[in-house]
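Everything on this sheet refers to the single structure shown next.
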Amino acid sequence: MSHLTDLPPWAAIAVCGLLLFGAAMTLIGSLGLLRLPSFYDRLHAPTIATSGGTILICLASMLCFAVLQSRWIFHELLIIFFITVTTPVTLMLLGQATLYRDRVENRQDVPRKPKPAAELDSE
Amino acid sequence: MRAWLPYPLFSIALFLMWLLLNQSVAPGSIVVGVFLSALLGWVLVKLQPTRSRLHRLGLMGSLALAVAADIVRSNVAVAGIILRARGRPANTGFMSVDVDLENENALALLACILTATPGTAWLEYDRRRKSLLIHVLDIDNEDLWRRTVKRYAAGLKEILQ
């Protein structure tokens, strides 16, 4: 497809470094899913993959193809933008669902639901 | 301008996105982009999103830089916590922060920032009490997190009031 061997050494090293770091970040995120003990802790693990991993891998792609085609390439920024904007939706959905379930089950290690405003006023 | 484009910023953003996706500034793609962004601006009217104006563009730049620095720092910190999770379990916990934001767009942006920085997860925002419940991986630095969230909220409030 493309001629990756045409990449000058400095660019190849930079692209490799970015790719490896990005892949390592994503791997650590997945490891976190396996190793962290509670559900709320595990909520944090994938966000490493969606922020650090995505940004580094997209930067590597931008650099690689910009050097190969000798022009500026920015459309990977859209991937970073849309992943950053859409991740909170799933994360909040999962968090709220778990919080709701834990409150219904009366678990003690979860913060109580704040009292409604009417009770606040009468206090 | 409002007579032609109900949401100018949204239309400009769509236009830029179109050019980026096409990777060209040829006259053809500019014409299609202008047409599409104007048309979709009118579609957005039906959704009635909250309008907000941008103020203090300089502050926006410094806030973006602070967010970028925080993303890098917390990525490294959380990676460290996960890698040594077996040896010493991280000290995690819930905390609530008073966040005085009315604007929906500002709240959405704050949620994006908090999610993009690993180590903080947005759980619940209570509009009446104006308090935000988050879960943090490193509860030992509770004061630091509280200060960070408040600083972002203050910055966002000034930019989008």
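Quick note on labels: first sequence line is chain A, next is B, and so on, each numbered from 1.
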Taking atom [atom1] of [X] and atom [atom2] of [Y], what is their separation to the nearest 0.5 Å?
X         : Y         : atom1 : atom2 : result
Leu56(A)  : Asn75(B)  : CG    : CG    : 8.0 Å
Arg103(A) : Glu124(B) : CZ    : CD    : 4.5 Å
His75(A)  : Leu19(B)  : NE2   : CG    : 13.5 Å
Leu91(A)  : Thr115(B) : CG    : OG1   : 5.5 Å
His44(A)  : Thr92(B)  : NE2   : OG1   : 7.0 Å

Just wondering, more than 12 heavy atoms not from [X] lying within 6.0 Å of its [atom1]?
X         : atom1 : answer
Phe21(A)  : CZ    : no
Phe74(A)  : CZ    : yes
Gln96(A)  : CD    : yes
Tyr100(A) : OH    : no

Hydrophobic clustering (ILVMFWY, side-chain heavy atoms < 4.5 Å, transitive) - are [Y] and [X] grouped together?
X        : Y         : value
Ile81(B) : Leu33(A)  : no
Met92(A) : Tyr125(B) : yes
Leu31(A) : Leu137(B) : yes
Leu65(B) : Val67(B)  : no
Ile13(A) : Val15(A)  : no

Heavy-atom pair of closest approach, residues Pro88(A) and Cys112(B): CG-CA, 3.7 Å
Closest heavy-atom pair and its distance - Met25(A), Val76(B): CE-N, 4.5 Å
Side-chain touch His135(B)/Asp41(A), heavy atoms, less than 4.5 angstrom: yes
Close side-chain approach of Leu43(A) and Leu123(B), heavy atoms under 4.5 Å: yes
For [X], is it the side chain, the backbone, both, or neither that has a heavy atom closer than 4.5 Å to a heavy atom of chain A?
X         : value
Thr120(B) : backbone
Leu133(B) : side chain
Ile71(B)  : side chain
Val136(B) : backbone

Steps toward side-chain contact (heavy atoms from CB on, under 4.5 Å) verdict (Ile82(B), Ile48(A)): CA-CA 10 Å; Ile82(B) 290 174; Ile48(A) 290 197; 4.0 Å; yes
When Ile83(A), Val85(A), Leu78(A) are compared by non-hydrogen pairs under 4.5 Å with chain B, the top option: Leu78(A)
Top contributor to chain A interface from Gly119(B), Ala108(B), Ala116(B), Gly93(B) [non-hydrogen pairs under 4.5 Å]: Gly119(B)
Heavy-atom contact with chain B under 4.5 Å, split by part of Phe82(A): side chain
Residue part contacting chain B, namely of Thr84(A), when any heavy atom lies under 4.5 Å: both
